[in-house]
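In what follows, a single structure is set out as structure tokens and then discussed.
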Amino acid sequence: MALISTRALTKRYPGGVTALDGLTVEIGEGVIGLVGANGAGKSTLIKILLGLLEPTDGEATVLDLDTRTDGARIRELVGYMPEHDCLPPDVSATEFVSHMARVSGLPAGAARERTADILRHVGLYEERYRPIGGYSTGMKQRVKLAQSLVHDPRLLFLDEPTNGLDPAGRDEMLELIERIGRDFGITVVVASHLLGEIERVAGWLVAIDAGRLLRTAPLTSFTERTGQLLVETEDDADRLAERLMARGIEATAAGRTMLVDIASAGGGGFDVYDAVRDDAVALGLPIIRIEHRRHQLEDLFRDEGAA
Amino acid sequence: MTAGTEASGTIFDIGYRRYDGPRLGRGGAIGAVVQAGLRAVFGLGRSGRSKIIPWGVVILAILPAIVAVAVRVLAGEIIGDLYSYENYLWQIGGLFGIFIAAQAPELVVNDIRYRVLPLYFSRPMSRVDYVASKLAALAVGLLALTLVPVLLLFIGRVLATEDLLAAFGDEVGSLPGIIGSAVLHAVVLASIGIAISSLASRRAYAAGAVLAVFLISGVISEALSGGALNAFDDWAPFVSPLSIIDGARQWLFGGEVAQSPVGSSDVPLPFFGAAAVLLTLGSWLVLAFRYRRITV
């Protein structure tokens, strides 16, 4: 079942900036990576889905609720962690998170209990009674996550959750996000421009660029094998590529690496290895590695950018 | 908490618990913000230092009523009353500015300064709900100054007599005026205080701005009124929010205050009512612009 669905969603800001341009996408359960460069429209999409921004055109539903008319109901059932700092320094994490739980509609007693639970889940212990102003960036990021989770949302929007964290902090945050999706059973939409991070936590990817849908697919299909062989040699690969071309095999060299089209070699894909080996021997060119190349997430944007 | 996970470091595996209880939605959200606001107004759940000003001011506001009642009990009606229901709020007017300057910024400044507002607006509450909740919190808090002391005066007057029933009958007619002017003061003052505070980037600036508006305008108003030529008498009260409110009060519930510049003005009282309404709506307009500008 689609938890989020948009149809021809368009947002133009006054001043002519088009943040979303006819975006149509369906998002199901799990940990979903919403990837795109800065300014691709990720934050705008999240704000429309929260019912905080009116789309210029098109429509969107979240949990089968219309974002235009049922915004308040949606916001009761989803959690949102903004990209920017959003914590007052003079209150403690406990006070702040339990206040936010009540603003989400939880009664006072439930707000207190769940605050204690959630702060433990995100890894805040004794320090939760101290004012937030004295926290490290990593601790603040945990408080931001906690306030988005405290009311047990069905759906969680995290906008660049690893922003400003050191490598260890990133690892811990990503681990937490994975747990939220896997153990808590909450669908998480993680917006990020860092593909390497998304790759680690998301099971499904929605890639947008300039407000348009680039691709939506399971993560595995983004990284599946391509029809290319990557050959790395000790010296320039130009002459090797020339020899392969002479055999009718498509090969392109770039410095010391060469990409070979496997299908063009015929023989069910195995002949290409022999051809590369034979020609390399004939040239006396040492080969460092040969591998069946996989798609990289970056290709997604590079290919699109070139097209 | 299971034993094995404890050693692994940052995250204890206590198992995630779902929440199936009631969700109070928009009403719950508004209630939570009003309640938290009231606690902030009186410094509850905060350090002892943050209680000094609000509670000090409340005590100072109530003290005259207690003294007046005590005098009446001890001396009977030999001495004329220093405080009446009508002039009490004018007499303690200086305290309003201090109270609002100290407490209104607590309610709104940090939410803007530290960009907490997106967290409110991504919950079942609108911008209007948020602002209205903050206004309500300060207005209700102000009733501790505008209603409680005058009610004490009322109760004292009734209890100080031999015949309670007869005294209650004599005094009860003043109740609508007491409550009405308390609410009038609270709403107009809270609107001005929150509007000014919402424009400041820090609490200290907000406090300074509120004090400036209330105290300086009062001083100017009094200086203009009763000048040698009496040239500004008519319009002097309109310089100060407190005398505008006093004029509106007098128009609605009657009872002239000797010390107020309203008395020396020949402008008809309904104009004061209109000015109070404009002042309130103007404050709300400022708030509407201020909070619309905040991007989530």
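Note that these values count all heavy atoms, side chains included, but never hydrogens, waters or copies made by symmetry. Numbered from 1 within each chain, the chains take letters A, B, ... in sequence-line order.
No more than 12 heavy-atom neighbours from other residues, nucleotides or ligands sit within 6.0 angstrom of OH on B:Y205. The number of heavy atoms from other shown groups lying within 6.0 Å of CZ (B:R292) does not exceed 12. With a 6.0 Å radius and a threshold of 12 heavy atoms from other residues, nucleotides or ligands, B:F289 has its CZ atom at or below the threshold. Within 6.0 Å of CZ on A:R112 lie no more than 12 heavy atoms contributed by other residues, nucleotides or ligands.
In this structure, chain B has no heavy atom under 4.5 Å from any part of A:F157.
Using a 4.5 Å cut-off between non-hydrogen atoms, the part of residues 39-57 of chain B that approaches chain A consists of B:G45. Of residues 111-121 of chain B, those residues lying under 4.5 Å from chain A by any heavy-atom pair are B:Y114, B:R115, B:V116, B:P118, B:L119, B:Y120, B:F121. Annotation: residues 212-219 of chain B contacts chain A through no residue [non-hydrogen atoms, separation under 4.5 Å].
Applying the salt bridge (charged side-chain N to carboxylate O under 4.0 Å, His left out) test to every pair with at least one member in residues 117-132 of chain B, sequence neighbours left out, gives these pairs: B:R26-B:D129.
Note that the OG atom of B:S122 and the CE atom of A:M81 stand 12.0 Å from one another [nearest 0.5 Å]. Between the CZ atom of A:R102 and the CD atom of B:Q35 there is a distance of 4.5 Å, given to the nearest 0.5 Å.
When A:L77, A:D85, A:L106, A:V103 are compared by the number of non-hydrogen pairs under 4.5 Å with chain B, A:V103 comes out ahead. Counting heavy-atom pairs closer than 4.5 Å to chain B, the top residue among A:D90, A:L50, A:I74 is A:D90. Comparing B:A32, B:G28, B:A36 by how many heavy-atom pairs each has under 4.5 Å with chain A, the most go to B:A32. With respect to chain B, the highest number of heavy-atom pairs below 4.5 Å among A:S148, A:A110, A:A72, A:P107 belongs to A:P107. Of all the listed residues (B:G25, B:G21, B:G31), the one sharing the greatest number of non-hydrogen pairs under 4.5 Å with chain A is B:G25.
Side-chain contact check for A:D152 and B:Y16: at least one donor-acceptor pair (N or O, by modelled atom type) lies under 3.5 Å.
Scanning all heavy atoms of the two residues, the minimum distance from A:H99 to B:V33 falls at CE1-CA, 4.3 Å.
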